[in-house]
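Input: a single structure, listed below in C-alpha cells.
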Amino acid sequence: MKSEPESYSIDDMKRDGTTTWDGVRNYQARNYMQKEMAPGDLILFYHSNAEPTGVAGIIEVAGPPGPDETAWNHKSPYFDPDSKRDQPTWYCVPVKFKKKFARVIGLAEIKANKKLGSMVLVKPGTRLSVQPVSKEEFEIILELAD
DNA sequence: GCCAACGTTGGC
DNA sequence: GCCAACGTTGGC
C-alpha cells in the first residue's frame, strides 16, 4: 500500500497503531481491498513521492473490508455523491502497525534486484496505490530490511 | 517543476 | 462505442 509520507507516513501509522485505509478512489485498488485481502494479511507500507521513495515498514490487515465512510462526508476531499448508503461505491480495510524498517528499502534498490523484477511495483506504468505482492517478494523485501 | 502513463469524463 | 480532453499519480 502506497502513501505519501507528507500526508500519512509510517511514523503516523506507528503513532496511531490502527487506521482505516480510506480515500482510495480507484476501482482496481478498491477491489484488492474489498475482495483479495483478509484479516491477518501482511502489507508493505510504501512511501511514494518522498525522499527516499520505497518500502518503509510493515502493516497488517486488521479486519474485514467495510464501506469507505469518507465518501459520504461532504467535508471530506474524498466525498463522492455517487456512493449510496445502501450500495457503497468505495470500500476499504482497517490496518494496524506492525514494524518500521531501520531504513527505507528504496525503489532503485528494488528495481536493481533481479528477484524482484516481477513485482507489480516495478512494472512500467503501474500507479495503483494498492497492489498485490507475492509471498516470495514480500520475504525478499524483509531480508533486505535486515 | 516537469512530464509520461494512465484512468475517467463527456461530447458525438 | 469511440476518442479527445482533462486530472491524477508518482518518479526524477
Side-chain angles (χ1 to χ4, degrees), chain A residues 1-16 18-37 41-62 65-146:
Chain A
M1 285 172 143
K2 297 182 190 171
S3 180
E4 303 196 9
E6 208 161 298
S7 56
Y8 200 83
S9 72
I10 190 74
D11 290 320
D12 295 321
M13 187 74 247
K14 184 176 184 179
R15 179 198 62 213
D16 294 344
T18 64
T19 191
T20 303
W21 207 263
D22 55 24
V24 171
R25 294 293 176 269
N26 172 283
Y27 288 104
Q28 218 177 331
R30 178 209 64 187
N31 288 345
Y32 282 121
M33 288 196 286
Q34 189 184 0
K35 298 170 183 173
E36 305 292 333
M37 287 185 177
D41 284 355
L42 295 177
I43 301 161
L44 298 176
F45 192 109
Y46 182 89
H47 280 175
S48 60
N49 257 321
E51 186 51 52
T53 65
V55 181
I58 297 170
I59 57 177
E60 178 183 333
V61 179
D68 185 337
E69 308 253 339
T70 62
W72 299 320
N73 181 354
H74 288 257
K75 291 175 186 164
S76 169
Y78 306 119
F79 175 68
D80 181 357
D82 294 335
S83 184
K84 308 297 183 212
R85 287 271 175 188
D86 55 353
Q87 195 166 3
T89 306
W90 303 111
Y91 282 81
C92 55
V93 290
V95 295
K96 67 180 174 193
F97 175 81
K98 288 292 281 186
K99 181 178 193 176
K100 179 187 175 181
F101 289 161
R103 67 187 185 93
V104 173
I105 311 304
L107 181 62
E109 186 176 349
I110 292 168
K111 282 180 174 170
N113 191 314
K114 290 197 177 76
K115 286 187 263 181
L116 297 175
S118 55
M119 277 190 85
V120 174
L121 180 68
V122 300
K123 293 275 175 66
T126 307
R127 298 173 315 171
L128 284 175
S129 60
V130 179
Q131 54 182 243
V133 176
S134 75
K135 190 175 182 204
E136 189 183 16
E137 291 157 358
F138 191 94
E139 284 168 358
I140 292 169
I141 297 284
L142 271 193
E143 284 171 25
L144 292 175
D146 274 335

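Since the model is a prediction, treat every value here as computed from it, not as a measurement. Just so we're on the same page: letters track the sequence lines, and every chain starts at 1.
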Whole angstrom is fine here: how far is it from [atom1] in [X] over to [atom2] in [N]?
X: A:Lys123; N: B:dC6; atom1: NZ; atom2: P; value: 13 Å
X: A:Leu121; N: B:dA5; atom1: CG; atom2: P; value: 17 Å
X: A:Arg25; N: C:dT9; atom1: CZ; atom2: C1'; value: 16 Å
X: A:Ile110; N: C:dC12; atom1: CD1; atom2: C1'; value: 16 Å

Taking the six-membered ring for Trp, are the ring centroids of A:Trp21 and A:Tyr32 within less than 6.0 Å of each other? no

A:Ser83 (side chain) donor-acceptor with A:Asp80 (main chain) under 3.5 angstrom: no

Using heavy-atom distances to pick each residue's nearest nucleotide on DNA chain B, tell me which of A:Thr126 and A:Asn49 is more 5'. A:Asn49

Using a cut-off of less than 4.0 Å, is there contact between a side-chain N or O of A:Tyr46 and OP1 or OP2 of C:dT9?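 The answer is no; no side-chain N or O of A:Tyr46 sits under 4.0 Å from OP1 or OP2.
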
Using a cut-off of strictly less than 4.0 Å, decide whether A:Lys2 has a side-chain nitrogen or oxygen near OP1 or OP2 of C:dT9. no

Among C:dG11, C:dT8, B:dT8, find the nucleotide with the atom closest to the side chain of A:Arg127.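 Closest of the options to the side chain of A:Arg127: C:dT8.
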
Just how far is it from atom CD of A:Glu60 to atom CZ of A:Phe97, taken to the nearest 0.5 Å?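 A:Glu60 atom CD to A:Phe97 atom CZ measures 12.0 Å (nearest 0.5 Å).
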
Quick one: do A:Arg103 and A:Glu109 make a salt bridge, cutoff under 4.0 Å? yes

What contact category does A:Lys111 fall into here, base, sugar-phosphate, or nothing, at under 4.0 angstrom with non-hydrogen atoms?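 Sugar-phosphate contact only.
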
